[in-house]
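Bear in mind the structure is a predicted one, so any value in this text is a computation, not a measurement.
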Amino acid sequence: MILAGDIGGTKVNLALAPSPGEAGSTTELLAMETFPSSTPGGLEAIVTTFLTHYQHLGKPGKACFGIAGPVQDGVCRTTNLPWVVDSRQLALTLGIPKVALLNDLEANAYGINPLESNPDNFLTLSPGIETNGNRAVISAGTGLGQAGISWDGKRHVPFACEGGHSSFAPQTALDMALADYMRWEYGHVSWERVLSGMGIANIYRFLRDTSGRPETREVAQEIDQTNDVGAVVSRWALAAAAGSPRVCPLCTKTMNLFLTYYGSEASNLAVKIMARGGVYIGGGIAVKNLELMKSYTFLDAFLSKGRMRPLLRSFPVKVILNDKAALLGAAWYACNEMV
């Protein structure tokens with residue numbers, strides 16, 4: 001039995017999968033449960049509770065967790081949680097012989113392996129030219145994750161990075177004004193500050209405070225009630241795109257700017273690692289806003305790299321639709337890479 005985990009800033013997804021040689025495969029998770037990341041006791045308590053719920057399935061012999069943060073020597077100090085996760089300590093506490101930690105986007109990248117057996121797991125935004133080669137994965141959610149997948153001539157090998165924390169690169173006067181606006185709050189303005197749930201909120205507040213566009217009373221009330229700016233703004237923008245008579249120009253402008261930045265940073269990553277094998281868009285924001293992602297705003301920004309436009313047009317661009325990609329990737333890694 002294999003224990004797989006996808007640990008994000010807001011929730012922890014855990015699953016059990018069969019080991020190699022057992023009935024089933026790592027594309028068939030045997031049990032899955034979601035816990036708030038704020039659960040008292042941290043990851044060890046969450047995993048212990050989960051294993052208690054499914055102890056009838058047996059004790060895991062291996063565990064692999066994709067975790068939102070840099071992993072160094074089996075230890076991760078999470079970026080958006082006050083956790084220090086040590087694979088060796090987890091193995092001792094949980095009584096599992098082998099425990100591995102992956103960056104969460106690295107786990108997503110490994111998840112492409114089992115997902116490729118079914119094309120319905122992806123939505124193609126640009127077909128490009130299908131070929132073997134390096135791949136790029138970028139995922140906006142609670143934070144902004146990025147990973148590369150190198151092609152060694154025989155197989156794809158994922159590698160982690162922390163590109164989401166590289167500096168935001170303003171291109172227009174509006175971008176520069178946004179960067180100045182956020183610098184007062186954050187000091188360093190990273191791409192994650194504009195490409196994430198908090199990024200949507202940051203862009204919305206900036207436009208509300210500086211653009212002269214009035215805030216819709218209904219939107220303001222929903223934000224007060226839910227305290228989730230990103231979800232409210234994207235919902236109104238989606239409704240407007242679907243032809244709803246109730247519109248919020250401020251929300252639409254926010255999401256258009258967000259999509260522009262998303263396309264631009266996705267192509268930044270793509271050209272840096274020469275992602276001829278494809279650019280994969282993960283994370284909950286893309287899936288929840290598919291109609292907006294399919295608009296030309298994202299793709300136009302992705303292709304807007306001057307002389308590199310023909311090259312970028314040859315890169316396939318796909319949205320990962322399966323929200324279990326990181327779990328499947330962690331399970332796949334435990335089966336195929338952990339000795």
For Lys305, is the NZ atom crowded, meaning more than 12 foreign heavy atoms sit under 6.0 Å from it? yes
Judged by modelled atom types alone, do Ser167 and His188 share a side-chain donor-acceptor pair under 3.5 Å? yes
State plainly whether one hydrophobic cluster holds both Leu144 and Ile273, where clusters connect Ile, Leu, Val, Met, Phe, Trp and Tyr through side-chain heavy atoms under 4.5 angstrom apart. no
Show your working on salt bridge (Lys or Arg N to Asp or Glu O under 4.0 Å) between Glu116 and Arg135 and close with a plain yes or no. CA-CA 14 Å; Glu116 281 189 310; Arg135 293 171 169 175; 2.6 Å; yes
Classify the side-chain pair Glu337/Tyr110 by whether it contains a donor and acceptor separated by less than 3.5 Å. no
Hey, any chance Val219 and Phe206 share a hydrophobic cluster, counting ILVMFWY side chains that come within less than 4.5 Å of each other, even indirectly? yes
Are any non-hydrogen side-chain atoms of Ile285 and Ile200 less than 4.5 angstrom apart? yes
Counting neighbours of CZ on Arg309 that are heavy atoms of other residues, nucleotides or ligands and sit closer than 6.0 Å, is the number greater than 12? yes
For the pair Asp175 (side chain) and Thr172 (backbone), establish whether a donor and an acceptor sit closer than 3.5 Å, ignoring hydrogens and angles. yes
Do Pro214 and Leu250 have side chains that approach each other closer than 4.5 Å (heavy atoms only, starting at C-beta)? no
Determine whether a donor-acceptor pair (N or O, by modelled atom type, separation under 3.5 Å) exists between the side chain of His156 and the backbone of Gly133. yes
Does a side-chain heavy-atom distance below 4.5 Å link Val71 with Val75? no
Same hydrophobic cluster for Ile149 and Trp151, using side-chain heavy-atom links shorter than 4.5 Å among ILVMFWY? no
For Ala231 versus Ser234, what's the shortest heavy-atom pair and its separation? O-OG, 3.1 Å
Are the aromatic ring centres of Phe168 and Tyr261 under 6.0 angstrom apart? yes
Contact summary for Tyr204 and Cys251, nearest pair of heavy atoms: CE1-SG, 4.1 Å
Does Lys324 have more than 12 heavy atoms from other residues, nucleotides or ligands lying within 6.0 Å of its NZ? no
Mark yes when over 12 heavy atoms from residues, nucleotides or ligands other than Asp224 sit less than 6.0 Å from its CG; otherwise mark no. yes
Main chain of Gly69, side chain of Asn103: is a donor-acceptor contact present, judged purely on distance under 3.5 Å? yes
Pair Phe315, Arg276 - check side chain to side chain contact (heavy atoms under 4.5 Å, CB included), show working. CA-CA 5 Å; Phe315 292 178; Arg276 295 177 64 241; 3.6 Å; yes
So which heavy atom on Ala331 is nearest to which on Ala4, and how close? N-CB, 3.9 Å
Regarding Lys154 and Asp152, does a basic nitrogen lie under 4.0 Å from an acidic carboxylate oxygen? no
Set out, in order, the CA-CA distance, both residues' side-chain angles and the distance that settles side chain to side chain contact (heavy atoms under 4.5 Å, CB included) for Leu292 and Leu238, then state yes or no. CA-CA 7 Å; Leu292 299 179; Leu238 280 167; 3.6 Å; yes
Pair Thr34-Asn13, side-chain donor/acceptor within less than 3.5 Å: yes
With rounding to the nearest 0.5 angstrom, report the CZ to OG distance, Arg235 to Ser244. 12.0 Å
For Ile138 and Tyr280, what are the C-alpha separation, side-chain angles and deciding distance, and is it a side chain to side chain contact (heavy atoms under 4.5 Å, CB included)? CA-CA 6 Å; Ile138 183 169; Tyr280 291 82; over 6 Å; no
Side-chain contact test, heavy atoms from C-beta onward, threshold under 4.5 Å: evaluate it for Met198 versus Glu192 and give yes or no. yes
Locate the shortest heavy-atom distance separating Gly5 from Leu14; write the atom from each residue and the value. CA-CD2, 3.8 Å
Heavy-atom closest contact (Asp104 atom, Ala326 atom, distance): O-CB, 4.4 Å
Would you indicate whether the side-chain heavy atoms of Leu269 and Val279 approach each other to under 4.5 Å? no
Nearest atoms (heavy-atom pairs only) where Val85 meets Leu101: O-CD1, 3.5 Å
When you compare the side chains of Glu265 and Gln146, does any donor N or O come within less than 3.5 Å of an acceptor on the partner? yes
To the nearest 0.5 Å, atom NZ of Lys288 lies from atom CG of Asp323 at 9.5 Å
Report yes or no: do Leu125 and Met308 belong to one cluster of Ile/Leu/Val/Met/Phe/Trp/Tyr joined by side chain heavy-atom distances under 4.5 Å? yes
Distance in Å, Tyr333 OH paired with Asn113 CG, rounded so as to fall on 0.5 Å steps: 13.0 Å
So Met338 and Cys64, do their side chains get closer than 4.5 Å, heavy atoms only? yes
Checking Tyr262 now: which residues fulfil ring-ring contact (aromatic ring centres under 6.0 Å, His included) with it, not counting sequence neighbours? Phe258, Phe298
Thr124 and Lys318: side-chain donor and acceptor closer than 3.5 Å? no
Measuring only between side-chain heavy atoms, which start at C-beta, is Pro36 closer than 4.5 Å to Val12? no
Looking at OG1 of Thr39 and CG of Leu43, how far apart are the two atoms once the value is rounded to the nearest 0.5 Å? 10.0 Å
So does Tyr296 get a backbone contact from the side chain of Asp300, meaning a donor-acceptor N/O pair under 3.5 Å? no
Mind checking the OG1-CD1 spacing from Thr78 to Ile67? Nearest 0.5 Å is all I need. 6.0 Å
Any salt bridge between Arg193 and Glu185, counting N to O under 4.0 Å? no
Tell me whether Phe159 is reachable from Val137 by hopping between hydrophobic residues (I, L, V, M, F, W, Y) whose side-chain heavy atoms are closer than 4.5 Å. no
Non-hydrogen side-chain atoms of Thr49 and Ile46 separated by less than 4.5 Å: no
Please confirm whether the backbone N or O of Gly143 pairs with a side-chain atom of Ser196, one donor and one acceptor, at under 3.5 Å? no
Keeping the roles fixed (side chain from Ser264, backbone from Thr260), state whether a donor-acceptor pair exists under 3.5 Å. no
Does the side chain of Trp236 come under 3.5 Å of the side chain of Glu218 through a donor N or O and an acceptor N or O? no
Between Asn202 and Tyr186, does any side-chain donor sit less than 3.5 Å from a side-chain acceptor? yes
Let's go through Phe65 and Val99 carefully: what are the C-alpha distance in whole Å and the side-chain angles of both, what is the deciding distance for side chain to side chain contact (heavy atoms under 4.5 Å, CB included) to 0.1 Å, and is it a yes or a no? CA-CA 8 Å; Phe65 301 95; Val99 175; 3.9 Å; yes
Roughly how far apart are Leu3 CG and Leu94 CG, rounded to 0.5 Å? 7.5 Å
Tell me whether Ser190 contacts the main-chain N or O of His165 through its side chain, where contact means a donor paired with an acceptor under 3.5 Å. no
Just say parallel, tilted or perpendicular for the rings of Phe35 and His53, cut-offs at 30° and 60°. parallel
Is it true that the side chains of Glu44 and Thr48 contain a donor and an acceptor less than 3.5 Å apart? no
Given the options Ile281, Val287, Val317, Val319, Leu123 meets side chain to side chain contact (heavy atoms under 4.5 Å, CB included) only with Val319
